[in-house]
Amino acid sequence: MALVRTRSQAHFARAQQVIPGGVNSPARAFGGVSGTPVIMDRADGAYLYDIDGNRFIDYIGSWGPHILGHRHPDVLNAIQTALEKGTSFGAPCELETELAERVIDAVPSIELVRMVNSGTEATMSAIRVARGFTGRNVLIKFTGCYHGHVDSLLVKAGSGALTLGTPSSPGIPAGCTADTLSLEYNDCQQLEETFANRGSEIACVILEPVVGNMGVVIPTSEFLSTLRTLCDRHGTVLIFDEVMTGFRVAFGGAQERFQIRPDMTTLGKIIGGGLPVGAYGGRRDIMSVVSPAGPVYQAGTLSGNPVAMASGIATLKTLKATNPYPQLEQATSQLTTGLSALATAAGIPHMIPRVGSMFTLFFNPDVVTNHAVAVKSDTARFARYFHAMLERGVYLACSQYEANFVSAAHSEADLKSTLNAAEEAFALIR
Ligand code: HOZ
């Protein structure tokens, strides 16, 4: 029997009257899979509940923040306690220093850190700081990586931009992107050549050290070490955008997992525990140029917001105390191994890159190492798979070019139900 979603559909029609495309972020619009989005009512643990009363096993976790599952009691308690004391002071508070200390403790390459409100703000500010520090303008990014909707970074971008076929956006003056070079991920030769030609002009290189925004793409160790070497050689600031991977692929992020020390790091998602928090930080000499310590300006009315800080602190505290990472690794590996066996049995060409608890099922027989390979995926088959899983109560990222996330709240039974759903879905889409 088909899932009843009449209330969701009616509400989406209403939302479209007052919100562009009916959504507040394009990645949610089901643009890559067609149909109408599910309108959510509440969440708990590993589940989302929509306004029609359907329950879904959630593999998005709000696009990454909910590594502990929804409504973790420690996080809720911390938010409630902070709320009692006020929602925003517009003045320093103790909580922002505590979260900064916890971030620095977990990520040794970060010596000073500034709190902001989103990943976009974090990357935008990090780029400004790198340019201010080096006195150079050129930046390198990688095609298919997404670093939020920053003008200079919305060039050949991933995530919703890639899904909706607008990887570079109108509304951005050519001048904003004139100094942005977009290279192919994992291509060491192209990187070497670019540095050989323009090394002295390059302020920074920014990358997702595991890509989540063209689906999960794993860096080669040669790629990461080449980046480090070239940046050192040319005095270029190496920025790891760990908005998605920070506290996700290891407590200390991808830099801990791969043992590469960037000069700057951007964070978001998990450090807010589900409330809006971003952060950027790095070497003391670089971060010392940030105002008011130095001349590079960056500010925010709600930055360091006490409720958001409390949520982030509780999340990091719980992650440190419970160390769910081995369990997440095991559960996600069990899930992706199971999915791969079922897809193979159904004769469906696929690849499932996984790092820790992030994974993407690509309907693509080739190893996805970069954007050029990722876009060869069978997105029509993905759309059919997505809807077959949704019908069976499994809520996946609604694009081939996104990561899925397993949380500490996903049980053995949830994984089993997901695999049962996938077996039926694969039979329908082969
Ligand atoms: N940029 C996020 C996924 N890669 C999407 C955020 C959202 O739409 O909620």
Side-chain angles (χ1 to χ4, degrees), residues 12 15-16 19-33 35-40 43 48 50 56 58-67 70 116-124 141-151 153-169 185 206-217 241-249 254 266-278 353 355 357-362 368 371 374 377 379 382 386 395-407:
F12 187 57
Q16 283 174 299
I19 302 172
V23 289
N24 278 314
S25 188
R28 306 172 190 175
F30 281 25
V33 292
T36 53
V38 185
I39 310 298
M40 296 304 171
L48 286 170
D50 71 7
F56 300 92
D58 177 21
Y59 286 100
I60 303 186
S62 193
W63 301 94
H66 290 301
I67 190 168
H70 295 274
V116 290
N117 299 293
S118 70
T120 292
E121 259 189 83
T123 56
M124 176 185 75
K141 73 174 288 287
F142 296 93
T143 303
C145 282
Y146 177 75
H147 305 287
H149 57 95
V150 181
D151 280 357
L153 295 172
L154 209 49
V155 176
K156 298 187 180 174
S159 188
L162 182 56
T163 303
L164 301 175
T166 52
S168 307
S169 171
Y185 201 78
I206 185 166
L207 76 153
E208 298 180 74
V210 172
V211 190
N213 286 298
M214 53 177 147
V216 170
V217 176
D241 178 352
E242 297 234 40
V243 168
M244 209 179 263
T245 53
F247 298 95
R248 165 64 64 180
V249 298
T266 58
L267 293 165
K269 302 197 190 271
I270 289 175
I271 59 159
L275 291 189
V277 180
V355 181
S357 52
M358 296 170 63
F359 74 94
T360 296
L361 166 52
F362 282 106
V368 182
H371 171 262
S377 302
T379 51
F382 174 82
F386 171 82
Y395 192 71
L396 300 169
C398 54
S399 163
Q400 175 70 103
Y401 306 117
E402 294 284 359
N404 295 277
F405 302 99
V406 175
S407 79

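All values below were derived from every heavy atom in this structure, side-chain atoms included, with hydrogens, water molecules and symmetry-related copies excluded. Every number for a ligand or one of its atoms is a count from 1 in the order of the listing.
- No more than 12 heavy-atom neighbours from other residues, nucleotides or ligands sit within 6.0 angstrom of NE2 on His149.
- Using cut-offs of 30° and 60° for the angle between ring planes, the Phe30 and Tyr395 rings count as tilted.
- Between Pro209 and the options Val249, Val355, Thr245, a side-chain contact (heavy atoms from CB on, under 4.5 Å) holds for only Thr245.
- Residues Met244 and Phe405 are in side-chain contact: their nearest non-hydrogen atoms beyond the backbone lie under 4.5 Å apart.
- With Gln400 contributing its side chain and Gly215 its backbone, the two residues share no donor-acceptor pair below 3.5 Å.
- Screening Asn213, Asp241, Thr120 against His147 for a side-chain hydrogen bond (donor to acceptor under 3.5 Å, both in side chains) leaves a single residue, Asp241.
- Ordered by chain and residue number, the residues placing a heavy atom less than 4.0 Å from ligand 1 are Ser25, Ala27, Arg28, Trp63, Tyr146, Ser159, Asn213, Met244, Glu402.
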